[in-house]
Number of protein chains: 2
Amino acid sequence: MSNSKSPKLPNTAYAVLGILSMGDGFSGYEIRKWAETLRFFYWSPAQSQIYAELRRLAKLGLATSEEIPQEGKPDKRVYQITDAGRETFRTWINNQPLEPIVMKHSLALRLFFGQEAEEGRLEELLIQFIAEIKEGLAQLYIVEEFMEHHPQFSHQSLVALWGQNFYKAELATAEEVLARLREKN
Amino acid sequence: MSNSKSPKLPNTAYAVLGILSMGDGFSGYEIRKWAETLRFFYWSPAQSQIYAELRRLAKLGLATSEEIPQEGKPDKRVYQITDAGRETFRTWINNQPLEPIVMKHSLALRLFFGQEAEEGRLEELLIQFIAEIKEGLAQLYIVEEFMEHHPQFSHQSLVALWGQNFYKAELATAEEVLARLREKN
DNA sequence: ATATGCATGTAATGGGTTACATGATTGT
DNA sequence: ACAATCATGTAACCCATTACATGCATAT
């Protein structure tokens with residue numbers, strides 16, 4: 001079923017493959033929880049999309065899919081990466097060039113067009129943003145702490161550190177911008 | 001043609017509306033150039049998408065569209081924001097809640113799954129990334145300098161500052177992570 | 001000669017979202 | 001009682017990308 005040469009897949013598929021490569025057997029539900037951590041640095045697809053990607057990977061022979069009957073819960077479908085899947089993933093990580101960072105910063109967009117905002121609106125948004133960032137930072141600390149206690153996650157904890165630095169920088173910038181806006185009035 | 005209540009639009013449409021609100025009359029081509037600056041903090045849609053959004057705005061009565069004959073060049077279609085369009089834009093900026101930051105950081109994704117990478121691959125990617133960030137920073141300095149000489153762009157220059165801080169933080173983090181990877185070997 | 005800038009548009013494809021549908025178990 | 005967790009899936013929709021198509025003027 002698998003193509004001889006690694007097929008070209010959307011990045012979401014590689015992310016799912018990558019998660020599958022970290023253990024032996026995940027349900028869609030478990031993948032989804034990992035994806036929630038990933039959202040700090042990469043993406044956060046809808047649940048339906050994760051299931052769709054898993055089905056695609058299975059169809060391409062990059063993962064096996066097995067139905068596990070369960071009592072008291074709906075049946076679980078467990079996906080496992082195949083040799084072809086691991087090969088595809090390695091080809092991606094070792095050969096696919098970096099893409100430019102994509103950022104959708106909804107506050108920056110509003111700030112950019114701030115001349116159309118009401119008096120005080122931007123300050124309000126910045127204060128709200130600062131609170132959200134602090135919340136995100138707290139979550140990242142928890143993620144990193146967990147990973148530091150599990151040596152097999154050394155790369156993942158490196159990325160948690162990356163996220164922390166990003167959030168700290170966002171915090172500092174938001175405070176700087178807020179101060180500038182206030183001193184203009 | 002315009003709805004009595006502001007219609008709900010995709011963010012790309014608001015971004016285009018916002019650019020239209022900054023002057024009186026833009027061609028799709030000019031919008032596109034502004035969008036290229038926006039990409040540092042928000043988004044970078046395909047050319048065809050910008051033209052599609054402009055047509056949508058015109059159909060909704062949020063912008064007027066006028067064909068300007070030109071010699072030696074293809075005709076130009078100039079779009080101008082209407083009162084209804086400005087109203088829609090203000091409603092958006094003043095009432096629409098912030099959305100969470102969306103980030104697609106292709107390097108972080110690879111780093112996260114670094115256990116599958118070949119010896120030296122991550123270092124190679126980091127070095128490449130650092131070069132790209134430096135290039136981006138240089139461009140942002142140019143953008144900010146331009147805007148600081150034009151007082152009507154004070155909000156825009158604030159966002160250019162935001163972008164600089166982001167890029168500087170990325171640079172520092174990339175160097176830190178590179179150092180950590182090297183000391184592990 | 002060749003590339004870049006100006007200038008707009010269509011067609012095919014697909015990645016991804018939102019909403020809906022179902023249902024038992026466990027914790028508050 | 002109610003919310004959260006576990007667990008998967010379908011249907012409708014559309015935003016967005018890629019590729020293609022055209023063509024003159026100007027700079028290298």
Side-chain angles (χ1 to χ4, degrees), chain A residues 7-17 19-20 25-39 42-60 63 65-79 99-100 102-104 106 109, chain B residues 7-17 19-20 25-36 38-39 42-60 63 65-79 97 99-100 102-104 106 109:
Chain A
K8 216 195 147 219
L9 299 169
N11 268 348
T12 302
Y14 291 112
V16 171
L17 253 189
I19 293 170
L20 288 178
F26 293 89
S27 65
Y29 198 82
E30 289 168 311
I31 299 271
R32 212 188 147 210
K33 282 192 296 182
W34 269 104
E36 246 152 79
T37 302
L38 250 185
R39 80 162 202 280
Y42 193 71
W43 103 133
S44 176
Q47 171 253 83
S48 62
Q49 187 63 16
I50 291 172
Y51 285 100
E53 292 300 343
L54 284 169
R55 273 177 246 129
R56 183 206 317 246
L57 294 176
K59 204 166 70 182
L60 291 171
S65 139
E66 195 192 351
E67 207 161 352
I68 311 276
Q70 292 194 131
E71 287 164 30
K73 293 181 202 173
D75 289 354
K76 190 193 266 201
R77 183 169 289 277
V78 170
Y79 292 87
E99 290 133 52
V102 173
M103 166 108 97
K104 296 204 176 180
S106 129
L109 187 61
Chain B
K8 218 195 145 217
L9 299 170
N11 269 349
T12 302
Y14 290 111
V16 171
L17 253 188
I19 292 169
L20 288 178
F26 294 87
S27 65
Y29 198 82
E30 289 169 310
I31 300 272
R32 212 188 148 210
K33 281 192 296 181
W34 270 103
E36 246 154 77
L38 250 184
R39 80 163 202 280
Y42 194 70
W43 103 133
S44 177
Q47 170 253 81
S48 63
Q49 187 63 16
I50 291 172
Y51 285 99
E53 293 299 343
L54 284 168
R55 274 177 245 130
R56 184 208 315 248
L57 295 175
K59 205 167 69 181
L60 291 171
S65 141
E66 197 193 350
E67 207 161 351
I68 311 277
Q70 291 194 130
E71 287 164 30
K73 294 180 203 174
D75 289 353
K76 190 194 268 202
R77 184 169 288 278
V78 170
Y79 292 88
E99 290 133 51
V102 174
M103 168 106 97
K104 296 205 177 180
S106 129
L109 187 61

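In the text below, chain A, chain B and the rest are named by the order of the sequence lines, each starting its count at 1. From a predicted model like this one, the values you see are computed outputs, not experimental measurements.
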Nucleotide C/dC6, atom P - distance to NZ of B/Lys76 in whole Å: 10 Å
Sequence-distant partners of A/Arg77, salt bridge (Lys or Arg N to Asp or Glu O under 4.0 Å), two or more places apart: A/Glu67
Partners meeting ring-ring contact (aromatic ring centres under 6.0 Å, His included) with A/Tyr14 (sequence neighbours left out): A/Trp92
Whole angstrom value for the distance that separates C1' of C/dT8 from NZ of B/Lys33: 15 Å
B/Asp75: partners by side chain to side chain donor-acceptor pair (under 3.5 Å), with sequence neighbours left out: none
Five-pair end axes of the helix from C/dA1-D/dT28 to C/dT28-D/dA1, angle between them (10°): 50°
Between C1' of C/dC6 and CG of B/Asp75, the distance in whole Å: 12 Å
Nearest-angstrom distance from the residue atom CD of A/Glu99 to P of D/dT18: 10 Å
Qualifying salt bridge (Lys or Arg N to Asp or Glu O under 4.0 Å) pairs, either residue in residues 44-57 of chain B, two or more places apart: B/Glu53-B/Arg56
Side chain to side chain donor-acceptor pair (under 3.5 Å) partners of B/Glu30, counting only residues at least two apart: B/Ser27
Approximate separation, where rounding is to 0.5 Å, of B/Lys33 NZ and B/Glu36 CD: 9.0 Å
Non-neighbouring partners of B/Trp43 that pass side chain to side chain donor-acceptor pair (under 3.5 Å), sequence neighbours left out: B/Thr12
Under 4.0 Å protein heavy-atom contact, by nucleotide of nucleotides 9-18 of chain C - B base, S sugar-phosphate only: BB----SBBB
B/Tyr29 OH - D/dA25 P separation (whole Å): 16 Å
Contacts of B/Glu66 that satisfy side chain to side chain donor-acceptor pair (under 3.5 Å) - sequence neighbours left out: none
Euclidean distance, atom CD1 of residue A/Ile31 to atom C1' of D/dT8 [Å, nearest integer]: 14 Å
